2 protein chains.
Amino acid sequence: MERNPPPRVGLAAVAREAGVSTATVSNTLNRPEIVAAATRARVLSVIERLDFVPNTTAASLRTGTNRLIGLVVPDITNPFYSEIAKGVAAAADEQRLGVILCNSQDDPVRELSQLEMLAEQRAAGALVVPITADAKRLARLRSLGTHLVLIDREADDGCSTSIDDVAGGRLAAQHLLSTRGDDFVLVNGSHAIPQCIDRRSGARAALSAAGLEPDDLVEYEVTEMTTEAGVGVARLLLTAAEAGAPLPSGVLCTNDQLAIGIIRGLTQHGVSVPEQVAVVGYGDLAIAADAPIPLTTVEQPKYALGHAAVEMLVAEIRGEQSGHRHSTSVFRPSLVVRDSAP
Amino acid sequence: MERNPPPRVGLAAVAREAGVSTATVSNTLNRPEIVAAATRARVLSVIERLDFVPNTTAASLRTGTNRLIGLVVPDITNPFYSEIAKGVAAAADEQRLGVILCNSQDDPVRELSQLEMLAEQRAAGALVVPITADAKRLARLRSLGTHLVLIDREADDGCSTSIDDVAGGRLAAQHLLSTRGDDFVLVNGSHAIPQCIDRRSGARAALSAAGLEPDDLVEYEVTEMTTEAGVGVARLLLTAAEAGAPLPSGVLCTNDQLAIGIIRGLTQHGVSVPEQVAVVGYGDLAIAADAPIPLTTVEQPKYALGHAAVEMLVAEIRGEQSGHRHSTSVFRPSLVVRDSAP
DNA sequence: ATGAAAGCGCTAACAA
DNA sequence: TTGTTAGCGCTTTCAT
């Protein structure tokens, strides 16, 4: 079982064996068109035979470029982020880039030190889903030198890919409006979260567009956007109904977990969904389709978000000298109609 | 908005500014104890002032070691793998390692090319959740030079971290046996999947241990381990019951999706869970706790699996010359009792 | 305790 | 078309 690793063969060994210079070996790899077909074939066969694996570390040092990019997400376990990561990984594969995954765990300090690590690795750039949009922080990140593309957050100064949450909120509200009327309620997360604000704005915009007063929209704000919180709000709704107020004909939730909680809370108490109350979620996670009553929800192009971010980063890197204008691509969400709100 | 990137300062610039040699700067960074306190302070202040970011690429080239490891998973979107990734990312942070994420998408060809990429990057090693355990393939991977630690699959020749699926199957079966009796059925995935085989073996072992005949265990095998497939099996169970055979008192599923499907299929037809039929899942994904009837299931230490794998890889790398014996650490799953099978 | 200098493996002028 | 050669930025003997 003694298995001393064979001494790594380098460009020089290949060159010697093939009877050419190192430059020619390098060229057959990087610019095959400028080397004679015969030589190329000979070199390639030697490479094969010696099991030569080029050392990109050395190449990076020499060229000053690196085929490595960073991806910083708050929690890779969250389906929203892991879908993004999947899109990033696929695009990176296409571009022959490696992705350094950093899980910031919602900790700004950790996030910063990870960006620092990426800078030390001389990553060509980084895609980050920032924990806080604090402009000062972002400037600091950028000053670390690597190119930055923000995901799921618009950058005033720089590239980003994001989703139009206002449009998503509008879409959901319009659906409820046209199928159920105007007496739906909004179940929202903390107003400290930009996405929650935007979705709410969209819902209000839909109301305005229908000639209604947006301030009449009843909103329940929860601190944790969990299934449990949803069940809690459902109870509130039922209590109010017992006190005489009618149940709303629709509930618009700003994520899927809340919506599932609402449905559970309502159905447990004999209220039927969607007959008595229609429920719309937001996000289209796997749980939406798999729920006991499949969820009508706003689908977010998460994979596309990640995929596009890589392409944007590559464009930014390429355009480094050739002049590059920062850009933002905003994806439009769409409504997926299922049983919970037909 | 013209912002020419400032020319990167290197070790040499720092040395010049601090009036010392590059060796001293390097030493204050890597072996601070051997440089005089006064010099060290001066150098550090210059580093700070010039915003010097060491270039690990160059260091790697020089030392032949790299603070980068690879992580290859079949699908980062799958909660099982993303939990592992989280554990890997955390452990890597602790060890100041970068993690290159590769999503093999269940494609052996892609997996191989990703391992090749890791070899080109001279990653210090790779953690892989292999698509196929084919020994020849693994040998080929190892021959690419980087150290390998397998995750969720035992390596006959090399390091690995895995979960004892036989124990998990036994745990689940024992629970059903002691709370419900011996007339439970097994709903399993394809026998081509080692984990499915192991979980089945565990269930059979539990039967044997109770003095029962393992061959009497009724098993339903599905090709896709989805919620839908679970609903399908539930229907089969109900049809059989109509034909006179009694419903089993328990159902043991080899993943959580199947269990949720079973519950849905049964309850939709008026069968109460757990009163008439107890259902046990496997995996303890988020959906288990969040299900309408919270799921009794076998919890797998996914995070620990990833975390331990990093430590094992580090040990293997360290022990490269100092003699290192390959090891396998096998984690024991545990049973989480919830409402679906109290 | 510090400095001088030789590379790590590769790429890219430039020369032939 | 191919070869020669000078580094990329760092670490590490070996002197001093």
Side-chain angles (χ1 to χ4, degrees), chain A residues 5-44 46-47 50-68 117 119-124 145-146, chain B residues 5-44 46-47 50-68 117 119-124 145-146:
Chain A
R8 271 245 172 268
V9 304
L11 217 48
V14 176
R16 200 181 320 119
E17 194 75 8
V20 296
S21 73
T22 60
T24 300
V25 179
S26 174
N27 282 332
T28 63
L29 253 25
N30 303 318
R31 302 135 77 188
E33 66 283 2
I34 75 159
V35 22
T39 332
R40 197 195 313 152
R42 186 152 37 94
V43 171
L44 287 176
V46 173
I47 286 178
L50 299 190
D51 243 337
F52 167 65
V53 179
N55 185 333
T56 52
T57 293
S60 291
L61 179 58
R62 178 60 232 243
T63 62
T65 65
N66 204 334
R67 302 202 66 76
L68 241 24
M117 182 267 273
E120 290 180 7
Q121 297 282 358
R122 293 297 186 273
T146 48
Chain B
R8 270 247 173 266
V9 304
L11 219 46
V14 175
R16 200 180 321 117
E17 194 76 7
V20 296
S21 73
T22 60
T24 300
V25 179
S26 174
N27 282 332
T28 65
L29 253 24
N30 303 317
R31 304 136 78 188
E33 66 283 2
I34 75 160
V35 23
T39 333
R40 196 196 312 151
R42 186 152 38 93
V43 171
L44 287 176
V46 173
I47 285 177
L50 299 191
D51 242 334
F52 167 65
V53 180
N55 185 333
T56 53
T57 294
S60 291
L61 178 57
R62 179 58 234 243
T63 63
T65 65
N66 203 333
R67 302 202 67 75
L68 243 22
M117 183 266 274
E120 290 180 5
Q121 297 282 359
R122 293 297 187 272
T146 49

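Order of the sequence lines sets the chain letters (A, B, ...), proteins ahead of strands, with each chain counted from 1. Since the model is a prediction, treat every value here as computed from it, not as a measurement.
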Review point. Heavy atoms under 4.0 Å, any strand shown: does B:T39 hit a base, just sugar-phosphate, or nothing?
Key: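 Sugar-phosphate only.
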Review point. Under 4.0 angstrom, heavy atoms only, what part of the nucleic acid is B:G10 near: base, sugar-phosphate, or nothing?
Key: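 It contacts sugar-phosphate atoms only.
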Review point. So how far is it from B:R62 CZ to B:T57 OG1, rounded to the nearest 0.5 Å?
Key: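 Between atom CZ of B:R62 and atom OG1 of B:T57 there are 15.5 Å.
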In whole Å, what is the span from the [atom1] atom of [X] to the [atom2] atom of [N]?
X	N	atom1	atom2	result
A:L11	D:dG3	CG	P	12 Å
B:L61	D:dT12	CG	C1'	14 Å
B:N27	D:dT12	CG	P	9 Å
A:E120	D:dG9	CD	P	16 Å
A:R62	C:dC10	CZ	P	13 Å
A:N30	C:dC10	CG	P	10 Å
A:I34	D:dG3	CD1	C1'	12 Å
A:R40	D:dT2	CZ	C1'	14 Å

Review point. Closer to the 5' end of DNA chain C via nearest nucleotide, is it B:V35 or A:N55?
Key: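 That would be B:V35.
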Check your understanding: Are any of the side-chain heavy atoms of A:V43 and A:V35 separated by less than 4.5 Å?
Key ->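 Side chain of A:V43 against side chain of A:V35, heavy atoms only: no contact under 4.5 Å found.
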Practice item. May I have the step-by-step check of side chain to side chain contact (heavy atoms under 4.5 Å, CB included) for A:E17 and A:L50, ending in yes or no? Key: CA-CA 9 Å; A:E17 194 75 8; A:L50 299 190; 4.2 Å; yes
Treating [X] as the side-chain partner and [Y] as the backbone partner, does any N or O pair qualify as donor plus acceptor under 3.5 Å?
X	Y	value
A:S26	A:T22	no
B:N66	B:Q121	yes
B:R122	B:A119	yes
A:T146	A:A124	no

**Study point:** Strand-adjacent residues in residues 13-23 of chain B, judged by heavy atoms under 4.0 Å from DNA chain C
**Key:**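 Close to the strand are B:G19, B:V20, B:S21, B:T22, B:A23.
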Exercise for review: Map A:T24 and B:S26 onto DNA chain D by nearest heavy atom, then report which one ends up closer to the 5' terminus.
Suggested key: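 Comparing both residues, the 5'-ward one is A:T24.
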